[in-house]
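Beneath this line is the structure, given in structure tokens, with notes to follow.
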Amino acid sequence: MNNIINEIREKARQLLAEGKVDVVIGYEKGSLPLKATPCFVHSPEGVDSLIWDETCENNLAAYAAKTPGKKAIITKGCDSRALAVLLQENQLVRDDLFIIGVSCSGVIDQRNILAEVGEILEAKISDGKISVKGMEGDKEYLFAEVKDATCQTCRYPNPVMEDLHIGETIEVAQDAPAFADVVALEEKSASDRQDYFKEQMSKCIRCYACRNACPLCYCQECFVDCNSPRWLTGGVNRAENLFFQAGRVLHLAGRCVDCGACTRACPQGVDIRALNRKMTKDVYVMYNHEAGIGEEGKPALNEYTTNDPEQFLVKE
């Protein structure tokens, strides 16, 4: 891991010193244990703050279009897929990007740790183990035990596009995507599914952290912020929470890269991914489309052919 960090810093220093980029977008150590935070390095002297480990959870593609000038960006597999969609939608100019690709074995989900040890006071990552000192006790975890759920089903740990790759690549079988979690939800009765989402939407406080963390929610004005027409009352209730979340899912249809940024950002632990995964499965089944797996092509709903399925038009 240290070799990867050193290589990232050296390449960042070179790019900035030679004036090839104006900024390097990467990660630095956060103010809380087991938390990295996005950072923006503008000079060769600042590159020593850059890090790379299992705490680098943010999808940095969310900052690419908002950062002016030429930029280098440290890119995981899911980040690169989001960049690909942004390029397809003309939100980025490829010549303004220098993509430093790093294969990712997954990031840490702190929820189970916090539930067991309380507030984390100190933490150390070493040899695939996470040692934690918490307010309510100490514990050591294997990385596999606290690996984010999104990362456990990831089929693209290696960047799908890059200008430079640092470190080794990860071998992964490129079978058809598995949607066991979606199938399990689909097999529940309608009333059970309704009860599940009622429970989830009851937790939502509509802080919009999910929207703000998403690299593909880049609208200048979100529909929930519109005053004319006014889509939501401004209060927080279950029906309007579902309306907001369903609106996001439809907006991301054929575009979501399943990076998990929305779920990790949620302070209430709402199962946002369940809705996104259902839509991802439907788009894959109907259109044989996966979002952002290459620079070429367009999102599924941006293209039309006479062979497109149109079951919604047919009355049985």
Side-chain angles (χ1 to χ4, degrees), residues 1-64 67 69-83 94 96-110 120 122-132 140-144 146-148 151 154 156-172 215 259-261 264:
M1 192 67 72
N2 286 335
N3 289 337
I4 292 177
I5 294 173
N6 290 335
E7 288 187 51
I8 288 173
R9 290 174 178 175
E10 185 56 37
K11 188 60 183 180
R13 184 178 289 110
Q14 177 189 348
L15 291 169
L16 289 165
E18 295 177 358
K20 292 183 177 179
V21 300
D22 302 307
V23 60
V24 175
I25 305 174
Y27 301 93
E28 64 181 352
K29 187 175 181 181
S31 58
L32 297 174
L34 295 183
K35 281 289 186 182
T37 187
C39 71
F40 303 84
V41 181
H42 294 272
S43 68
E45 294 74 26
V47 302
D48 288 336
S49 64
L50 292 169
I51 66 167
W52 177 263
D53 60 22
E54 294 86 350
T55 67
C56 298
E57 64 179 46
N58 297 78
N59 190 326
L60 296 184
Y63 304 95
T67 305
K70 293 185 178 293
K71 54 231 140 201
I73 181 167
I74 314 301
T75 307
K76 307 187 293 292
C78 52
D79 301 38
S80 72
R81 291 179 64 193
L83 288 173
R94 184 65 177 90
D96 288 345
L97 291 175
F98 188 94
I99 301 173
I100 302 174
V102 189
S103 297
C104 174
S105 58
V107 298
I108 294 171
D109 179 358
Q110 290 195 32
I120 301 172
E122 297 177 16
K124 180 181 178 181
I125 303 174
S126 179
D127 298 324
K129 296 180 181 179
I130 297 94
S131 302
V132 179
E140 184 176 85
Y141 298 87
L142 295 174
F143 173 59
V146 293
K147 187 175 180 178
D148 187 84
C151 304
C154 177
Y156 297 96
N158 306 305
V160 299
M161 60 179 188
E162 56 193 0
D163 296 301
L164 170 72
H165 189 86
I166 290 179
E168 299 180 355
T169 58
I170 298 173
E171 291 189 14
V172 59
C259 66
R264 291 190 295 273

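Remember, predicted model here, so these are calculated numbers, not experimental data.
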Residues Ile130 and Phe143: closest non-hydrogen pair is CD1-CA, 3.6 Å
Minimum heavy-atom separation for Thr75 and Pro159, please, with both atom names.
O-CG, 3.4 Å
Can you list the steps and then say if Thr67 with Ile73 is a side chain to side chain contact (heavy atoms under 4.5 Å, CB included)?
CA-CA 11 Å; Thr67 305; Ile73 181 167; over 6 Å; no
Close side-chain approach of Cys39 to Leu50, heavy-atom, < 4.5 Å
yes
Would you confirm whether Thr55, through its side chain, and Asp53, through its main-chain N or O, come within 3.5 Å as a donor-acceptor pair?
no
Partner set under side-chain hydrogen bond (donor to acceptor under 3.5 Å, both in side chains) for Lys20, not counting sequence neighbours
Glu18
Partners passing side-chain contact (heavy atoms from CB on, under 4.5 Å) against Glu140 (at least two apart in sequence or in another chain)
Lys129, Ser131
Grab the two heavy atoms, one from Val21 and one from Lys71, that are nearest each other, plus how far apart they are.
CG1-C, 4.0 Å
Ser43: partners by side-chain hydrogen bond (donor to acceptor under 3.5 Å, both in side chains), with sequence neighbours left out:
Glu45
Taking distance alone, no hydrogens or angles, what donor-acceptor pairs closer than 3.5 Å link side-chain atoms of residues 96-108 to residues at least two apart or in another chain?
from	atom 1	to	atom 2	distance (Å)
Asp96	OD1	Lys70	NZ	3.4
Ser103	OG	Asn158	OD1	2.5
Ser103	OG	His165	NE2	3.4
Ser103	OG	Glu168	O	3.3

Can you tell if the side chain of Asp79 reaches within under 4.5 Å of the side chain of Ile74, non-hydrogen atoms only?
no
Nearest-0.5 Å distance, CD of residue Glu122 to CD1 of residue Ile120:
11.5 Å
Contacts satisfying salt bridge (charged side-chain N to carboxylate O under 4.0 Å, His left out) that involve residues 25-37 (not counting sequence neighbours) are Lys35-Glu57
For Lys124, the salt bridge (Lys or Arg N to Asp or Glu O under 4.0 Å) test, sequence neighbours excluded, returns none
Please enumerate all residues that pass ring pair (Phe, Tyr, Trp, His ring centres under 6.0 Å) together with Phe40, with sequence neighbours excluded.
Tyr63
Apply side-chain hydrogen bond (donor to acceptor under 3.5 Å, both in side chains) to Arg9 and list each qualifying residue two or more places apart in sequence or on a separate chain.
none
Suppose we screen for salt bridge (Lys or Arg N to Asp or Glu O under 4.0 Å). Which residues come up paired with Asp48, at least two apart in sequence or across chains?
Arg13
Separation between CG of Leu164 and NZ of Lys11, rounded to the nearest 0.5 Å
5.5 Å
Considering residues at least two apart in sequence or located in another chain, which fulfil the side-chain contact (heavy atoms from CB on, under 4.5 Å) criterion with Ala82?
Asn59, Ala61, Pro215, Val257
Shortest non-hydrogen pair, Leu83 vs Ala64, comes out as CD2-CB, 3.9 Å
Between Leu16 and Val24, is any pair of side-chain heavy atoms under 4.5 Å apart?
yes
Checking side chain to side chain contact (heavy atoms under 4.5 Å, CB included) for the pair Trp52/Lys76: CA distance, chi angles, key distance, verdict?
CA-CA 11 Å; Trp52 177 263; Lys76 307 187 293 292; 3.2 Å; yes
Of all residues at least two apart in sequence or in a different chain, which pass the side-chain hydrogen bond (donor to acceptor under 3.5 Å, both in side chains) check with Asp148?
Thr150, Arg264
